[in-house]
Amino acid sequence: MQIIDGKAVSKAVKEQVKNECDELKAKGITPGLAVIIVGDDPASQVYVRNKERACEECGFYSVKYALPAETTQEELNALVDELNGDDKINGILCQLPLPSHLDDKEVINRIDPIKDVDAFHPVNVGAIMIGDYNFLPCTPAGVMELIHSTGVDVTGKKAVVIGRSNIVGKPQAMLLLHENATVEITHSRTVDLPSVTKTADILVAAIGKAKFVTADMVKDGAVVIDVGMNRDENGKLCGDVDFENVKDKCSFITPVPGGVGPMTIAMLMRNTLTAAKIQNNIR
Ligand code: GUN
């Protein structure tokens with residue numbers, strides 16, 4: 001069994017992005033990312049801080065808009081409109097979830113698709129569906145990079161995704177399909193889930209329940225990718241996979257933390273770079 005080092009893979013991606021950023025800067029272009037955070041959700045604050053740090057590492061211009069929890073939809077919309085029109089800003093990211101009085105969908109739909117570095121806008125989601133995209137969704141794209149780092153060829157493999165969210169499960173299945181996997185999406189209503197997950201050569205867990213995937217659900221020699229970020233009974237960070245019990249059955253497995261998490265941010269940096277290139281007619 002080998003543990004996939006998400007920190008190392010993400011570092012390599014960020015270094016590549018930094019090199020390309022240096023080339024753009026030589027042409028007078030600095031990629032710029034705006035991150036909006038509303039309210040004081042502690043997990044979101046950590047994610048946003050990590051995104052700012054990654055911008056610094058890559059040499060990007062970045063601006064954080066930390067808005068109070070009582071921000072109105074109109075105020076948030078006005079900020080998005082302003083950033084859509086700001087030439088220094090190539091990518092706009094609104095950290096989710098938003099406080100309950102605000103509408104995620106309204107904000108996502110308002111971001112100019114060419115600045116939508118999360119790839120959440122319906123135009124970008126549709127582009128991913130037909131395989132003709134500018135931006136890949138960050139977490140699923142990061143998962144694909146981790147799979148590539150193992151050297152395992154995805155073509156013809158059976159891939160099972162647990163979870164059907166718009167952010168991870170659904171686009172993850174599409175990216176695996178683009179690489180010629182035979183893909184099955186499972187979810188909370190799936191009957192006899194272990195009988196399905198046991199068929200997986202590649203298993204991606206994106207459920208949001210601590211240590212949900214147990215050894216009896218995993219095929220011998222599977223590649224197991226854990227997208228979960230939960231707290232266990234002792235308050236310790238853990239994934240959706242019961243790592244200690246599952247690891248010896250796998251050929252490759254990602255840890256939590258240090259697996260998928262760092263990749264999401266690295267892919268956000270890549271999308272921001274892509275956005276800067278497109279907006280400056282560089283391809
Ligand atoms: N909240 C959890 N993951 C994400 C993400 O990838 N992007 C945004 N905008 N919010 C998130």
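Ligands are counted one by one from 1 in listed order, and the atoms in each one are counted from 1 as well. For reference, positions follow the sequence shown, starting with 1.
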So is Asp118 touching ligand 1 or not, going by heavy atoms under 4.0 Å? yes
Which bit of Leu96 is near ligand 1, meaning a heavy atom under 4.0 Å away: side chain, backbone, both or neither? both
Can you sort out which atoms of ligand 1 are near Leu93, meaning under 4.0 Å from one of its heavy atoms? 9 (N)
Test of understanding: given a 4.0 Å heavy-atom threshold, classify the contact between Tyr47 and ligand 1 as side chain, backbone, both, or neither. neither
Taking all atoms of both residues into account, what is the closest heavy-atom pair of Asp226 and Gly239, and its distance? OD2-CA, 3.2 Å
Using the side-chain contact (heavy atoms from CB on, under 4.5 Å) rule, pick out the option among Asp103, Ile92, Asp81 that qualifies with Arg110. Asp81
Contact with ligand 1 for Cys138, non-hydrogen, under 4.0 angstrom: no
Closest protein heavy atom (residue, atom, distance) for atom 11 (C) of ligand 1: Gln95 NE2, 3.4 Å
Say whether Thr264, considering both its backbone and side-chain N or O atoms, lies within less than 3.5 Å of an N or O atom on ligand 1. no
What one should report as the nearest heavy-atom pair of Pro255 and Gly258 is CG-O, 3.8 Å
Honestly curious: do Val227 and Met263 fall in one hydrophobic cluster under the side-chain, below-4.5 Å linking rule? yes
Is Cys94 touching ligand 1 with its side chain, its backbone, both, or neither, if touching means heavy atoms under 4.0 Å apart? backbone
Using every non-hydrogen atom in the two residues, find where Pro171 and Pro137 come nearest and quote the distance to one decimal. CB-CG, 3.6 Å
NZ/Lys11: more than 12 non-hydrogen atoms of other groups inside 6.0 Å: no
